[in-house]
Amino acid sequence: MAGFDKRVADYAEALAGLKDGMSIVAGGFGLCGIPENLIARIHAMGVKGLTVISNNCGIDDFGLGILLKDRQIKKMIASYVGENAEFERQLLSGELDVELTPQGTLAEKIRAGGAGIPAFYTATGYGTPVGEGKEVREFNGRPHILEQSITADFAIVKGWKADWYGNVIYRHTAQNFNPAAATAGRITVVEVEELVPPGELDPDHIHTPSIYVDRVIQSRFEKRIERRTTRSA
Amino acid sequence: MAGFDKRVADYAEALAGLKDGMSIVAGGFGLCGIPENLIARIHAMGVKGLTVISNNCGIDDFGLGILLKDRQIKKMIASYVGENAEFERQLLSGELDVELTPQGTLAEKIRAGGAGIPAFYTATGYGTPVGEGKEVREFNGRPHILEQSITADFAIVKGWKADWYGNVIYRHTAQNFNPAAATAGRITVVEVEELVPPGELDPDHIHTPSIYVDRVIQSRFEKRIERRTTRSA
Amino acid sequence: MALTREQMAERVGRELRDGDYVNLGIGIPTLVANYIPANIEVMLQSENGLLGMGPFPLDSEVDADMINAGKQTVTARTGASIFSSPESFAMIRGGHVDLTVLGAFEVDVEGNIASWMVPGKLVKGMGGAMDLVAGANNIIVTMAHAAKNGESKLLSRCTLPLTGRGCIRRVLTDLAYLEIENGAFVLRERAPGVTVDEIRSRTEGRLVVPAQVPEMKF
Amino acid sequence: MALTREQMAERVGRELRDGDYVNLGIGIPTLVANYIPANIEVMLQSENGLLGMGPFPLDSEVDADMINAGKQTVTARTGASIFSSPESFAMIRGGHVDLTVLGAFEVDVEGNIASWMVPGKLVKGMGGAMDLVAGANNIIVTMAHAAKNGESKLLSRCTLPLTGRGCIRRVLTDLAYLEIENGAFVLRERAPGVTVDEIRSRTEGRLVVPAQVPEMKF
C-alpha cells in the first residue's frame with residue numbers, strides 16, 4: 001500500500017489478520033446496508049469464538065445469521081432478536097452469550113468508542129434489566145446509568161461509494177450503523193458498490209472520512225429485502 | 001407558522017423571546033461560519049447578562065466581540081481567547097466570568113447536550129486546571145475526567161442553504177460548531193445564504209435535520225476574513 | 001364493542017398536532033400513519049435513520065436501501081432527511097421527537113412499561129423502545145386492554161421485565177383511552193358501546209372514573 | 001548554531017511516514033507542511049474540520065468559508081473531507097491521528113506540557129491543544145530550548161498550568177532533538193555546531209547523554 005491508496009486486491013486481503021476469538025463491529029440494520037460479502041468471507045474463513053457487535057444478527061440464511069448457524073459467534077451484542085429463530089433459540093438455550101443493548105445506547109457506545117469517550121450517562125434503560133449492576137447517577141433531577149463504549153478488532157462496513165483513500169458515502173437508510181462502526185474498528189474494512197478515484201466525492205458530503213478506513217474493496221451485492229411492502233398505484 | 005414552514009419574516013421574529021440573563025450557544029470558528037446577522041440583532045436588542053457558549057468570541061468589532069465590548073455578556077464558555085484583546089482584558093481583570101474549555105470537550109459537550117447525554121468521561125484535561133474539581137475515573141488503565149453537557153435557551157446558527165422546514169447544509173469549514181449548536185438550543189434559529197423549497201436538498205446529505213430547527217431566515221453576509229493568507233501563482 | 005386496530009390508530013391520530021415530529025412503533029402504531037387528520041402535517045421519524053417517512057413504495061419504486069424500523073420498504077416524503085443511527089437516537093434521546101406511539105405487553109399505574117421480553121419464552125429484544133420511552137416528551141401506548149384469557153394488561157405493577165420506568169402517561173387500549181396520574185389509570189374515554197363496568201373488570205391497576213366518561217366517536 | 005524555524009520544520013518533516021494523518025499546530029508546526037519528504041504522502045488534519053489541507057489559496061481562490069485552525073485561508077487537496085467540530089475531535093480524541101506537532105511554553109521530564117496560559121499575564125486559551133495531547137498516539141513538541149534570558153524551557157517540573165500530563169515523548173528544540181524516557185530528556189541529536197555542553201547548560205530537567213549524539217544534517 002502506497003500513501004493513502006487503501007484498495008485491496010481481494011476479500012482474503014480485506015480480512016487478513018482476522019482470527020479466532022476476535023471482536024467484530026458490523027454496520028447494517030436488519031438486512032439493509034449489511035456488509036454481506038465480508039460476512040460471507042468470514043463464514044468461508046471459518047473463524048470461531050467471535051464477539052459480534054451489530055444491531056441485528058441477520059436472518060437464518062443471510063447476513064450474520066450464517067455465522068450464527070455455524071456457531072462461529074460466541075457472543076452477540078445487539079438490540080433486536082426479532083424474527084431470527086436461530087438467534088432466539090441460541091439465546092434462550094444459553095448456547096450464545098447475548099448482551100441485549102438498547103438500540104440508541106448501542107449506537108452511542110460504538111460512536112463513543114470511535115471518538116475516544118470511554119463511558120457516558122444515559123437515562124435509557126434505567127430501572128430495567130439493562131440497568132442492573134450499572135452505576136446510577138442523577139443529572140437534572142433524573143436518574144441515569146453509566147454505559148461503557150465499544151471498540152472492536154475489526155469493523156466491517158457496507159458503503160455505497162468510496163474513493164481509493166477510504167472516504168465513504170452511504171445511500172439512503174443503508175447508512176444506519178455503518179458510519180459509527182467505521183470509527184470503532186482497530187482495522188476498518190469497507191466494501192462498496194462503486195470505488196472511485198479521489199476527488200470524485202464532494203468533500204462537504206463525506207459520511208465517513210478516510211482517516212477511519214484501512215481497507216476498501218468494490219463488489220456486487222444481493223441486497224436482500226426482508227419485508228417487501230408496497231402500495232398499489 | 002403552519003406545519004413545518006419555519007420561515008420567519010424578519011430578525012425581530014427570529015430572536016423573539018430572547019431576554020436578559022439567557023444562555024446562547026453559537027456556531028462558528030473564529031469568524032468563519034458565524035451567525036453574524038443574528039449576533040448584530042442581539043447587539044441591537046441590547047439584552048444583557050448573557051451566557052454565551054462559542055469556541056471563540058469574535059474580534060473587537062465583529063461577531064460576538066461586539067456583545068463583549070458593550071458588556072452584554074456575563075459569562076463566556078469558550079476554548080480560545082487568541083488575539084481578541086478585549087476578551088483577554090475582561091478575563092484577566094475578572095470582569096467577565098470565563099470557563100475555558102478544551103475545544104474537543106466543548107464540541108462534545110454541545111453535541112451531548114443535544115443528544116440527551118448529560119455527562120461523559122474524557123482524558124482531555126486530566127491533570128490540568130480544566131480537571132480541577134472534576135471527578136476522575138480510570139478506564140482502560142488511564143485516568144479520565146467527568147464532563148457535563150451543555151444546552152442553551154437559544155442556539156444561533158449560520159448555514160449555507162436551508163429549506164423552509166429547517167433542513168440545513170453548511171459550506172466547507174463554515175460547518176465547524178454549527179451542527180452541534182443547532183441540536184442544543186431550546187429554540188434554534190438558523191440564518192442562511194439561500195432558502196430553498198423543501199425537496200431541493202438531497203435527503204442523504206443534510207447536515208442538520210429539520211427536527212432541530214425552530215426558525216430559519218435568509219440574509220446577506222459580510223463573511224469577514226480574519227487572516228487572509230495566499231500563495232503566489 | 002372493542003375497537004378494531006384501525007379504530008385504535010384513528011383515535012391515536014387525533015392526538016397529533018400540526019408540525020409534530022412523531023415516531024410510530026411496529027404494529028398498531030404503524031397504522032396511525034393512515035389516520036393523520038387532513039388539516040395538519042406531521043413528520044414521521046423512523047429510528048433506523050429516516051425523518052420524513054412517506055408511503056410504501058409502488059412496486060416499481062421498491063429499493064433495498066430504503067426501509068423503515070420495521071424493515072418494511074418505504075419512501076421518503078418531500079423535505080425528508082436520512083442519517084446515521086447515532087444521529088437518529090440523538091434526536092430521540094435528546095427529546096426532539098414530539099410524540100412517540102408504541103405497543104406494550106403491560107403498563108402499570110406508576111407509568112412503567114414492559115414490551116420486550118417474556119423470560120424463558122420470548123425475546124424480541126428492546127430495539128429502540130427503551131430509548132424512545134426514555135427520550136420522548138410525550139408517549140402514547142397502544143395495546144390490548146386484556147389478554148385473550150381475560151387477564152388485564154393494565155396493572156398495579158408490571159410483572160415482566162421493564163422497558164422503562166415512570167415514563168408512560170397515556171394509554172389507548174381496544175376498550176378505552178386512559179391517562180396515568182398519581183398512581184392510577186384515569187378513564188378518559190370509552191370505546192363505543194363498552195361500559196365502565198366492563199373496563200373496570202378488565203383493569204387490574206387502580207382505576208379512577210371521572211363523573212363523565214364520553215364514548216369515542218368514529 | 002541554533003536551528004532556524006525552517007530547519008526545525010525540516011527536521012520534524014523527517015519524522016513523517018507515508019500515509020500518516022498529521023495535525024500541525026500553529027507556528028513552527030505549520031511550516032512542517034513545506035517540508036514533507038518528496039517520496040511520501042501525508043494528509044493534514046485541521047481541527048476546525050478539515051482533513052486533507054492543501055496549500056494557501058491563490059489570490060483568486062480565497063474563500064471565507066475555507067480556513068484552517070489558525071484562521072488562515074486555505075485550500076483542500078484532492079481526497080479531502082470536511083466535517084463538524086465534534087467529528088473532528090472524535091478523530092483526535094479517538095486516536096485516529098497518527099502524528100501531532102505542536103508548540104509549547106514548557107515541557108518536563110515526566111512528559112508534561114504547558115502551552116496555553118501564563119497566570120495573570122497571558123491567556124490564549126487551550127483551543128484544541130488539550131484534546132490533541134490527550135488523543136494523539138504520537139506527539140512532537142517544537143519549541144525554543146530556552147527563553148531569551150537563557151532560562152530553560154525543558155524542566156524537571158513544569159511551572160505553568162499544564163495542557164496535558166505525561167503525554168509528550170519527543171521534543172525538537174532549536175538546539176536538539178530529545179526523547180523523554182524514564183524521567184529524563186535523552187539527547188538524540190544536536191543542532192549543527194551546538195555542543196553537548198551548551199545543550200546541558202540550557203536544560204534544567206535531567207538530561208541523559210548517550211555515547212553518540214549525532215549532529216543533524218541539512
Side-chain angles (χ1 to χ4, degrees), chain B residues 27 29-33 55-56 78-83 87-88 91-92 98 100-108 110-112 122-131 142-144 160 170-180 207 221-233, chain D residues 26 46-50 53 55-76 82-93 112-114 116-117 119-135 161-167:
Chain B
F29 180 95
L31 300 183
C32 182
N55 188 59
N56 311 82
S79 89
Y80 200 70
V81 178
E83 293 71 23
F87 189 179
E88 186 167 3
L91 191 170
L92 289 170
V98 179
L100 280 175
T101 304
Q103 194 173 141
T105 296
L106 183 62
E108 188 66 14
I110 298 169
R111 196 207 69 90
T122 177
T124 301
Y126 165 75
T128 78
V130 165
R142 198 172 165 208
H144 292 73
W160 180 36
Y170 305 93
R171 188 169 171 276
H172 303 343
T173 61
Q175 181 172 168
N176 56 60
F177 279 83
N178 280 298
H207 291 121
F221 296 81
E222 177 185 339
K223 299 212 277 187
R224 200 181 291 186
I225 292 174
E226 211 160 341
R227 294 195 183 159
R228 186 186 179 91
T229 316
T230 57
R231 72 179 197 279
S232 36
Chain D
I26 296 168
S46 186
E47 67 264 27
N48 58 316
L50 169 60
M53 192 160 40
F56 294 126
L58 295 173
D59 209 62
S60 60
E61 294 172 334
V62 166
D63 184 335
D65 291 338
M66 201 62 207
I67 67 166
N68 65 17
K71 283 103 179 177
Q72 297 168 308
T73 45
V74 287
T75 58
I82 297 172
F83 34 80
S84 70
S85 300
E87 180 67 53
S88 184
F89 284 92
M91 287 175 196
I92 290 168
R93 198 190 304 102
N112 299 324
I113 171 173
W116 66 282
M117 80 170 293
K121 283 192 191 158
L122 168 86
V123 190
K124 291 152 56 92
M126 66 290 287
M130 283 191 183
D131 308 278
L132 283 161
V133 298
L162 295 185
T163 306
R165 186 178 287 273
C167 46

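Just so it is clear, the values below take in all heavy atoms, side chains as well, and ignore hydrogens, waters and symmetry mates. To find a chain, count down the sequence lines: A is the first, B the second, and so on, and within it residues start at 1.
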> Relative to chain D, which segment of B:T105 carries a heavy atom at a distance below 4.5 Å: side chain, backbone, both, or neither?
Replying inline: both

> How far apart are the C-alpha atoms of B:Q103 and D:F89, what are their side-chain angles, what is the distance that settles it, and do they pass the side chain to side chain contact (heavy atoms under 4.5 Å, CB included) test?
Replying inline: CA-CA 8 Å; B:Q103 194 173 141; D:F89 284 92; 3.5 Å; yes

> In terms of heavy-atom proximity below 4.5 Å to chain D, should B:N56 be classed as side chain, backbone, both, or neither?
Replying inline: side chain

>> Can you tell me which portion of D:E47 sits under 4.5 Å from chain B's heavy atoms? Options are side chain, backbone, both or neither.
In response: both

>> Using the rule given for side chain to side chain contact (heavy atoms under 4.5 Å, CB included), can you reason through B:R227 versus D:T73, listing the C-alpha separation, both sets of side-chain angles and the distance that settles it, and then say yes or no?
In response: CA-CA 7 Å; B:R227 294 195 183 159; D:T73 45; over 6 Å; no

> Is it the case that more than 12 heavy atoms not belonging to D:K124 sit under 6.0 Å from its NZ atom?
Replying inline: no

>> Given heavy-atom pairs under 4.5 angstrom as the criterion, report whether the side chain, backbone, both or neither of D:I92 touches chain B.
In response: neither

> Judged by atom type as modelled, is there a donor-acceptor pair below 3.5 Å linking the side chain of B:T173 to the main-chain atoms of D:D65?
Replying inline: yes

> Under a 4.5 Å heavy-atom cut-off, does chain B meet the side chain of D:V62, its backbone, both or neither?
Replying inline: side chain

> B:Y80 and D:K71: which non-hydrogen atoms are nearest, and at how many Å?
Replying inline: CD2-NZ, 3.5 Å

> Say you draw a straight line from CE of D:M117 to CG of B:L91; how long is it, rounded to the nearest 0.5 Å?
Replying inline: 7.5 Å

> Where on B:I225 is there a heavy atom nearer than 4.5 Å to chain D: the side chain, the backbone, both, or neither?
Replying inline: side chain

> Given side chains that start at C-beta, do those of D:D59 and B:R228 come closer than 4.5 Å, heavy atoms only?
Replying inline: yes

>> Please classify the contact of D:N112 with chain B as side chain, backbone, both or neither, using a heavy-atom distance under 4.5 Å.
In response: neither

>> Looking at B:R231 and D:P55, would you say the former's side chain and the latter's main chain have a donor-acceptor pair under 3.5 Å?
In response: no

>> As an exercise: rank D:G70, D:G49, D:A114 by heavy-atom pairs under 4.5 Å with chain B and give me the winner.
In response: D:G70

> Checking B:R111 against chain D: side chain, backbone, both or neither under 4.5 Å from a heavy atom?
Replying inline: side chain

>> Shorter than 4.5 Å, heavy atoms on both sides: which option in D:T75, D:D63, D:I26, D:L50 has the most such pairs with chain B?
In response: D:D63

> So, for D:K121 and B:L92, which heavy atoms are closest and what is the spacing to 0.1 Å?
Replying inline: O-CD1, 3.7 Å

> Pick from D:G127, D:G164, D:A64, D:G125: which one has the most heavy-atom pairs with chain B under 4.5 Å?
Replying inline: D:G127

>> Quick check for you: among D:A69, D:A76, D:A129, which has the greatest number of heavy-atom pairs under 4.5 Å with chain B?
In response: D:A69

> Does some side-chain heavy atom of D:S88 sit less than 4.5 Å from a side-chain heavy atom of B:F29?
Replying inline: no

> Between D:T163 and chain B, which part of the residue has a heavy atom less than 4.5 Å away: side chain, backbone, both or neither?
Replying inline: backbone

> Can you check whether B:T122 reaches D:R93 side chain to side chain, under 4.5 Å on heavy atoms?
Replying inline: yes

> Minimum heavy-atom separation for D:L162 to B:P129, with atom names?
Replying inline: O-CD, 3.6 Å

> Using non-hydrogen atoms only, which part of D:L122 is less than 4.5 Å away from chain B: side chain, backbone, both, or neither?
Replying inline: both

